[in-house]
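Data block below; observations after.
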There are 2 protein chains.
Amino acid sequence: MEQNIILTVDVVLLTLKDNALQVVLQKRTWDPYKGFPALPGGYVHTEEDLDSLAAAKRVLKDKTALVSPYLEQLYTFASATRDPRGWSVSISYYALLDIETLMSQGSDRFLLHPVDDLPQLPFDHNRIIDSAVQRLRNKSTYSAVPCYLLPELFTLSDLQQTYEKVLGCKLDKSAFRRKIGELDFLDATSKARTGVHRPAQLYRIRPAKNLVLFDRTISKI
Amino acid sequence: MEQNIILTVDVVLLTLKDNALQVVLQKRTWDPYKGFPALPGGYVHTEEDLDSLAAAKRVLKDKTALVSPYLEQLYTFASATRDPRGWSVSISYYALLDIETLMSQGSDRFLLHPVDDLPQLPFDHNRIIDSAVQRLRNKSTYSAVPCYLLPELFTLSDLQQTYEKVLGCKLDKSAFRRKIGELDFLDATSKARTGVHRPAQLYRIRPAKNLVLFDRTISKI
DNA sequence: GTAATAGTGTCTGTGAGACACTATGGT
DNA sequence: ACCATAGTGTCTCACAGACACTATTAC
């Protein structure tokens, strides 16, 4: 019946660093492609994982020591040819994390690479990453998911820059703030970020707000 | 390594009949749930199916004798508990077909059931169908996919009614036609549908037009 | 004061919704 | 003539984009 199907989960963990979207990669510790950088991934453990989401969480935690506040199923890549070992299924997930949290956790266990300038990766990992980036870009036009690329406290300028990096286009400050205000998912804190110039109000995500669906777009791509 | 994982594909084939979205179901021929209506589905055959899309096509064809012009991966449901036999993966697809083509093909091999009034189905098939309907509704707000629910030739009123049934709300005739006109994916034919009243222009989908992505919404839900 | 960023006010063009209107067939 | 549906014209209101303006800090 079941002919030795390879069932894995792969996680595309994206972050924003040096003004670019970057993806977490790892040198593979086993064949095939041993030693080459690739997405963190691994077999589903049927005795341990209740479902594929749990498997993705576990794999990410075990391989990179990272925990992401946002983890969503992306797509399932399944074919006879994607893995040299045989018919293989990758249930792929994508995740978002701010660069500070990411670096403060086990940063010796992975490497970061800009998504716009990737070398050829093992399996169909280039395609998987492209799908994740496309999904993130698309979702950013009508949701607040880019918030997950920022630390707990951030300014509206931070948020706008995040959207701009993700979407790859400049946004109008006034229109952007109008929209964010309408959507009403931020709480102003009592703090401000001081610096060389006028201090900026610091915001955090309003607890228990669903950031995922708006009825209107924030911007075209 | 791989502990007897059950790998299946399930297909949610939707059509429009009696003014309602309906789903193709089949009485199961084997245990578990033998005799109960459920989604057409089956094991991935690794010797035969190059990838999961091919598997979905084959399963649909073999089980129902149907071929759909639109078949898209929906989501992968994978958990220890969804199938009494053990850890199970369902790579689910959804498909669209007009009712005429559907009935003219092997209609003795399946049954149709309105999606808004389903009994409890085996496995997590209710959830899978709900996901498919949600996806179709959402995609219909910014794409021409509902065209696949119509036969080759149709009037603009047919198309509008199709959108209305799928979205579950009335649309304004003038605005709808303006939008469809702008999107420019229909060809007027030389034919008209005659009836009791003024005949209506018949259209077909412009060949080689991508119906799937618009930059603007056709309507809110 | 100046420089630089934070944050706001306002105008305008576009486009969706509403709705009234005209057109054309059958009976 | 009348009815029902096909198909069009136009008004208005909301909103996104553009852009200029004010505010507040360090120096």
Side-chain angles (χ1 to χ4, degrees), chain A residues 19 138 140-144 146 150 153-204 213-221, chain B residues 19 138 140-144 146 150 153-204 213-221:
Chain A
N19 277 339
N138 190 40
S140 299
T141 62
Y142 63 87
S143 87
L150 287 168
L153 299 181
F154 51 85
T155 69
L156 292 180
S157 295
D158 291 341
L159 187 59
Q160 183 175 343
Q161 280 171 43
T162 300
Y163 271 90
E164 288 174 347
K165 295 309 164 198
V166 169
L167 295 172
C169 62
K170 287 283 170 194
L171 302 177
D172 179 78
K173 184 167 52 162
S174 177
F176 181 77
R177 284 163 186 245
R178 205 191 296 148
K179 199 75 206 167
I180 297 296
E182 281 168 23
L183 297 173
D184 195 37
F185 63 92
L186 293 182
D187 279 334
T189 65
S190 56
K191 296 174 197 161
R193 174 181 302 162
T194 57
V196 184
H197 302 296
R198 172 174 174 176
Q201 177 69 246
L202 283 166
Y203 293 84
R204 68 157 55 83
L213 281 177
F214 303 154
D215 54 343
R216 282 305 196 194
T217 59
I218 290 183
S219 123
K220 293 186 235 185
I221 288 193
Chain B
N19 277 338
N138 190 40
S140 298
T141 62
Y142 62 86
S143 87
L150 288 167
L153 298 181
F154 52 86
T155 68
L156 292 181
S157 295
D158 292 341
L159 187 59
Q160 184 175 342
Q161 281 170 42
T162 301
Y163 271 89
E164 288 174 346
K165 296 309 164 197
V166 169
L167 295 173
C169 61
K170 286 283 168 193
L171 302 176
D172 179 77
K173 183 166 56 163
S174 179
F176 181 77
R177 284 162 187 246
R178 205 193 296 147
K179 199 76 206 168
I180 297 297
E182 280 168 22
L183 296 173
D184 196 37
F185 64 91
L186 293 182
D187 278 333
T189 65
S190 56
K191 295 173 197 160
R193 174 180 304 162
T194 58
V196 184
H197 303 294
R198 174 173 172 178
Q201 178 68 245
L202 282 166
Y203 293 84
R204 68 157 53 84
L213 282 179
F214 303 156
D215 55 343
R216 282 307 195 192
T217 60
I218 290 183
S219 124
K220 293 185 234 184
I221 287 193

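Chain letters run A, B, ... following the sequence lines, proteins first and then strands; every chain starts at 1. Since the model is a prediction, treat every value here as computed from it, not as a measurement.
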| Got a sec, which residues hit salt bridge (Lys or Arg N to Asp or Glu O under 4.0 Å) with A:R204, two or more places apart in sequence or on another chain? | A:E152
| task | Round to the nearest Å and state the distance from B:E164 atom CD to C:dG17 atom P. | result | 12 Å
| request: Scan nucleotides 2-11 of chain C nucleotide by nucleotide, 5' to 3', and note B when protein non-hydrogen atoms come under 4.0 Å of the base, S if they reach only the sugar-phosphate, - if neither. | output: --BBBBBBB-
| Value in whole Å for how far the C1' atom of C:dG15 lies from NZ of B:K179 | 8 Å
| request: Take the protein atom OH of A:Y163 and the nucleotide atom P of D:dG17, then report the distance between them rounded to whole Å. | output: 14 Å
| field | Residues that B:R193 engages under salt bridge (Lys or Arg N to Asp or Glu O under 4.0 Å), provided they are two or more places apart | value | B:D158
| task | Report the distance from atom CG of B:L167 to atom C1' of C:dG17, rounded to the nearest whole Å. | result | 15 Å
| task | Round to a whole Å and report the spacing from CG of A:L171 to C1' of D:dA18. | result | 13 Å
| note | Rounded to the nearest 0.5 Å, the CG atom of B:D187 sits from the CG atom of B:L202 at a distance of 13.0 Å
| said: Counting C-beta onward and ignoring hydrogens, is there a side-chain heavy-atom pair between A:Q160 and A:P146 closer than 4.5 Å? | reply: no
| said: Please report the distance, rounded to the nearest Å, between CG in B:L186 and P in D:dA6. | reply: 16 Å
| message | To the closest 0.5 Å, what do you measure between NZ (A:K179) and OG (A:S174)? | response | 13.0 Å
| query | Could you give the distance from OG1 (B:T155) to NZ (B:K191), rounded to the nearest 0.5 Å? | reply | 14.5 Å
